[in-house]
Structure formats: structure tokens, C-alpha cells
Number of protein chains: 2
Amino acid sequence: MFQALADPARRSMVDRLCHGPASVSELAEPLVMSLPSVMQHLQMLEASGLVRSQKVGRVRTCRIEPAALRLAERWIGERRAYWEGSLDRLGDYLDAHPEEPEA
Amino acid sequence: MFQALADPARRSMVDRLCHGPASVSELAEPLVMSLPSVMQHLQMLEASGLVRSQKVGRVRTCRIEPAALRLAERWIGERRAYWEGSLDRLGDYLDAHPEEPEA
DNA sequence: TAGATACTTAGGTAATTTATTAAGTATTTT
DNA sequence: AAAATACTTAATAAATTACCTAAGTATCTA
């Protein structure tokens, strides 16, 4: 999932899909890249759960899967919160032991 | 930055650092991996801005850089918010044009 | 000062990722 | 039915990434 967000082309696709559903061609249009490459990126986005798509006629329509986005956001948020908690505990520690510097 | 979070070993290191500062050896301890490999991961974490470190004596102490974590969280949050906004607009659209299905 | 500790650097291999071109397939459009 | 459209698949090639071992360097510790 972070792997999926690690590539600029895929982030651009996610960006585009946040504005609403799009076809493969529409996703490819702003990218300087062949269509098969876009397909590969799309497959990684689908494998990561960030994007879903369905084909109707000859057009495949892609859309964002918000649950996955929320998952990534939560992972980061939890760690940030933990770190901020650690900061508090470090503050407590420094208050209790002012004679021993931290680093 | 998402690239840095894309690897499980590096996420494990971030996890550990969220509990507080740690030496390179402490970061390496739970990982089934040579020390030079841990160093490479550490370098990527530092290059991404997620982690900072300083060497005192022969020990290098690493710590999380919360600003970077907040940045990643914001990137995702903004897109999620945009998508949720799009959902609202799609709802409005469907309300206004019930005879034309979305896909 | 000799040895142990804690990284660090260098160099090289295997796996993964990213991208390409060429050649399909399935659906409209004309 | 013929041509155009919108992907898809397959097979590579180039670039990155992830690892490792071996051999340093700089600090402690005894």
C-alpha cells in the first residue's frame, strides 16, 4: 500500500481519481508513458486495494477505494500519536531527572 | 517518503523509533538482517526526512522527525477529503439526474 | 595498550520495479 | 463488414532496491 503510493505516476493517478472516476485513457492522458505502463501501475493500485475498476463495453472505469486511504492515514496517525505521547513521557523524564541530559 | 515507508524493515524501524530514540544496534536487533543492511535502510529513512540521527562517541542515536510523518498524513488526508467531497458531489448529481446511471 | 564494541565503507549479487515495443482481443462506429 | 477505439497480453530491457560478506575506523574498557 505504501509501496503503491511510492511511485509518482501512481500518486498522480490517485490524485486524478480523487476528483472522480476515470477511464484508463483518462488516467494515462497526463502521464508521459505508454498505455501498457499505465496498466501495470493500475494493477499495482488495485492489488494494494487503493483503487477498484470495472469494465463496461470497451471502457474500464476506475475509482478510489477510500477505506484503503483511511487505513494508510490511520497507520501514520497512530505512529505520530505514539511519538507525541513519547515526547510527553520524555518531558516527564527530563522533569524528573534534570541532571542527566538526553543525548 | 512513501518510498521510505514502502519497506517492512523500514516501517519496523519507524515503529521502534515512535517509542523513543534508539541506537543503530537497537534498531537492528529485531530484524533478521546484517548491520550494513540496517544502515542502508537508515540512510533512506534519513534521506526521506522521516528520521534524524547524530553520533556521540561510537553510538549513533536515531529519532523520528514528526514533521515528515505529519506531511505524509496530510497528503493522504487531503486526498481522502477531496474524494469524500467528490462523493457528495456525485450524490448531488445522482439526485439531479436519477435517469442516468453512473457507470 | 590490547581487545571489544559500534558502526561504516566497499564491492558485488539477486530480486523487484518500471518502462518499452509488438501483437493481440473485444467493442463501437461508419 | 471494415475501420477505429480502448484496452490487454507477452516478452524484454534497464534501473533500482535489498542483501550480503569482508574489511575498515573510531571509541570505549579492562
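In what follows, every heavy atom counts, from backbone to side chain, and hydrogens, waters and symmetry copies are set aside.
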Is the ring pair F2(A)/F2(B) parallel, tilted or perpendicular, if the boundaries are 30 and 60 degrees?
parallel
In terms of side-chain heavy atoms of [X], which of [options] is nearest?
| X | options | result |
| --- | --- | --- |
| P36(B) | dT8(C), dA10(D), dA19(C) | dT8(C) |
| M33(B) | dC19(D), dC28(D), dA4(D) | dC19(D) |
| D7(A) | dC20(D), dA4(D), dT18(C) | dT18(C) |

Distance-only polar pair, side chains of T61(B) and Q54(B), donor-acceptor under 3.5 Å
no
Are any of [X]'s side-chain N or O atoms less than 4.0 Å away from OP1 or OP2 of [N]?
| X | N | value |
| --- | --- | --- |
| H41(A) | dA19(C) | yes |
| S23(B) | dC7(C) | yes |
| K55(B) | dA26(D) | no |
| S25(A) | dC7(D) | yes |
| R60(A) | dT8(D) | yes |
| R10(B) | dA18(D) | yes |

Spacing between [X] atom [atom1] and [N] atom [atom2], to the nearest angstrom:
| X | N | atom1 | atom2 | value |
| --- | --- | --- | --- | --- |
| Q43(B) | dC19(D) | CD | C1' | 14 Å |
| M39(A) | dG24(C) | CE | P | 18 Å |
| M44(A) | dT17(C) | CE | P | 6 Å |
| Q3(A) | dT18(C) | CD | P | 6 Å |
| F2(B) | dT17(D) | CZ | P | 17 Å |
| L42(A) | dA6(D) | CG | P | 16 Å |
| E26(A) | dT5(D) | CD | P | 16 Å |
| Q40(A) | dC7(D) | CD | P | 16 Å |

What is the nucleic acid contact for S34(B), judged by heavy atoms within less than 4.0 Å: base, sugar-phosphate only, or nothing?
base
Is there a side-chain contact between L27(B) and H41(B) (heavy atoms, below 4.5 Å)?
no
Checking the side chain of R63(A) only, and the main-chain atoms of P21(A) only, is there a donor and an acceptor separated by less than 3.5 Å?
no
Take L35(B) and A6(A), find for each the nucleotide of DNA chain C with the closest heavy atom, and name the residue whose nucleotide sits nearer the 5' end.
L35(B)
Can E46(A) and R52(A) be counted as an ion pair, charged N to O under 4.0 angstrom?
no
